[in-house]
Amino acid sequence: MTVWNQIELTWAWLTASAQWHGEDGIPHRLLEHLYYSGVSLLFAALIGLTLGALVGHTGRGGFLAVSVANIARAIPTFGLILLIVVIDYSIVPVLVALVALAVPPILVNTYEGVRGVDPDARDAARGMGMTGWGVLWRAEIPIALPLILLGLRTSAIQVVATATIAAYPGFGGLGRYIIDGLARKDYQLVVGGTFLVVALAVLVQLAFAALRRLVISPGLARAS
Amino acid sequence: MITFEGVTKRYPDGTVALDDVTLECPTGRITVFVGTSGGGKTTALRTINRMVDPTGGRVLIDGGDVRDRRPAELRRGIGYVIQHAGLFPHRTIEDNIATVPYLLGRRKKDARAAARELMERVGLEPGMAKRYPYQLSGGQQQRVGVARALAADPPVMLMDEPFSAVDPVVRAELQDELLRLQAELRKTIVFVTHDIDEAIRLGDRIAVFRTGGKLVQVAAPEELLADPADDFVAGFIGQNRGIRSLSFAGTSKLRLRDDVVRPVTSSDTEGLDWVLVVDEKRRPLGWARGADVDGSLADAALAPVGPTFRPGTDSVRVALDAAVLSASGLAVGVDGDGSVVGVAGGTDLLEGPR
Ligand SMILES: Nc1ncnc2c1ncn2[C@@H]1O[C@H](COP(=O)(O)OP(=O)(O)OP(=O)(O)O)[C@@H](O)[C@H]1O
Ligand SMILES: [Mg+2]
């Protein structure tokens, strides 16, 4: 089977009208996938941004936070899911696994970004009468934003790609096609599903590029 | 007035950064802190806006203990300028300058208009308002730092080595600018430097700190030069203490000679070594050597006039500098229009101060 052949088959699959309806249709699977990814990312952002910003701002516990985050990266997500699925058969363990996957890049980048703010700028901010929160909000976070966005983007792409495993314990998402395809030796299905996941990751990447342009000050252009 | 009453700062690791410092920084004047590195200058400065809280003694502003004020609120009323400016890289120049007005809740439009006015005051092109700090030179950034500190018109300004990271030419410009601003604004300024020349140039009073946080001497610059309290201060002031003190000697009582000044139309040099040739408005054209003149001064070879001084305005040091660099050894005194008032030689110049 040539590559071209494969592309044609995948295209046929993608455009078949049957793929666009019902429980196993692409729209439904895509929504499931987006929902799992979005919820996990939201929680991961809440945890990672808060911890990263606080640790970076106070300068206390930085080593501990970064070490724990890096060790957490080494935990195989797949194993984590199997482990928690045994304890509680629901989507929650899947989401927990995705959150655990997404927190470290966000936390580490936020921490490094805030910590890396020029000490003179921080000193000036304080010396001109900003409160601790003021320094964080008006100086440290905006200055750290390029790194913070980078962390969020890394996590978002990882989560979008990894959310395919939600299908393993039977919770749908785009992973459904891949797992079903593998089981049925229907490679058209596998390639089609993979294509959708990759396309989604590309869209995430584009969305972040647009976001960068919107929220990052041109004054930081050179620094990042 | 800022008052230090027996201020001591001992850090938890045992370092004594300030040791029982008692000092007054008069209102509307520039007080300069100088001294050895690690002598406690920065620490002393930072006790004023509570960036450092002393472990002993009190700091008062106009009689009120700074510890009775909330730090953030206290600091909004005190200008703060630091060595590398510490501008916010994500904010435009005008928004950097408007930092404190924003904190005080002023309207954005008003704060920006005021920022632009200030930019002009500190010698920045108005076109720079929308630029970002990375697009400015070090000297320009430092000017923004000064403008930012002035934005809320605080009566007190704290400046920690604000000009030490720029080259000597720019530093001199910034010093002039500060003196000019200060003549208008009359702020109470505390200025930290490790450059004794800068201290002498800017200070109305100079406080000398020594390692261990000890205040060794507080005096007006001329007094410090004439009468250093001990060997440490004398050593810190360095060489040329005598010459430097001439910066404070005025030239208003100087007796100027007029006998060597000749119009260009003249040919009379009657046994003088040098004559100063002037045009019809008495502006100096150059020095002619008496022995070389043969006929009209208009045809004579002229040595350049070199630097001149303004009698009554410039110091003896400036006049002496002009004398040393003059072909004739005589300093040329000119008025505001550049017309020659008279000349003075080295011995004439040194008579006054002694
Ligand atoms: N947070 C701190 N903890 C411990 N020691 C400190 C701390 N900050 C300053 N010191 C010490 O206090 C002393 C005075 O420091 P300070 O910064 O006031 O000196 P300085 O006169 O401004 O020196 P320089 O000219 O180098 O800026 C130094 O010995 C310094 O090491
Ligand atoms: Mg210092």
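Side chains are part of it too, since the values below use all heavy atoms of this structure and drop only hydrogens, waters and symmetry mates.
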> In terms of heavy-atom proximity below 4.5 Å to chain A, should B:P89 be classed as side chain, backbone, both, or neither?
Replying inline: both

> How far apart are the closest heavy atoms of B:H90 and A:A139, and which atoms are they?
Replying inline: CE1-CA, 4.0 Å

> In terms of heavy-atom pairs under 4.5 Å with chain A, which of B:L158, B:T99, B:N49 leads?
Replying inline: B:T99

>> Just checking B:R10: does its CZ atom have more than 12 heavy atoms from other residues, nucleotides or ligands closer to it than 6.0 angstrom?
In response: no

> Which pair of non-hydrogen atoms, one from A:A124 and one from B:G86, has the smallest distance, and what is that distance?
Replying inline: CB-O, 3.5 Å

> For A:R138, is it the side chain, the backbone, both, or neither that has a heavy atom closer than 4.5 Å to a heavy atom of chain B?
Replying inline: both

> Checking B:L87 against chain A: side chain, backbone, both or neither under 4.5 Å from a heavy atom?
Replying inline: backbone

> When rounded to the nearest 0.5 angstrom, what is the spacing between CG in A:L220 and CZ in B:F88?
Replying inline: 12.5 Å

> What's the spacing between B:Y102 OH and A:M130 CE if we round to 0.5 Å?
Replying inline: 11.5 Å

>> So for atom CZ, which belongs to A:F208, do other residues, nucleotides or ligands contribute more than 12 heavy atoms lying within a distance under 6.0 Å?
In response: yes

> How close do A:G127 and B:Y80 get, heavy atom to heavy atom, and via which atoms?
Replying inline: CA-CD2, 3.6 Å

> If you round to the nearest 0.5 Å, how far is CZ of A:R126 from CZ of B:R50?
Replying inline: 11.0 Å

>> Minimum heavy-atom separation for B:R76 and A:M128, please, with both atom names.
In response: CG-O, 3.5 Å

>> Between B:R46 and chain A, with a heavy-atom cut-off of 4.5 Å, which part of the residue counts as in contact: side chain, backbone, both or neither?
In response: side chain

> Any side-chain heavy-atom pair from B:E73 and A:T131 closer than 4.5 angstrom?
Replying inline: no

>> How about CZ on B:R116, more than 12 heavy atoms from neighbouring residues, nucleotides or ligands closer than 6.0 Å, or not?
In response: yes

>> How close do B:Y132 and A:P218 get, counting heavy atoms only, and between which atoms?
In response: OH-CD, 3.3 Å

>> Shorter than 4.5 Å, heavy atoms on both sides: which option in A:V117, A:D123, A:I143 has the most such pairs with chain B?
In response: A:D123

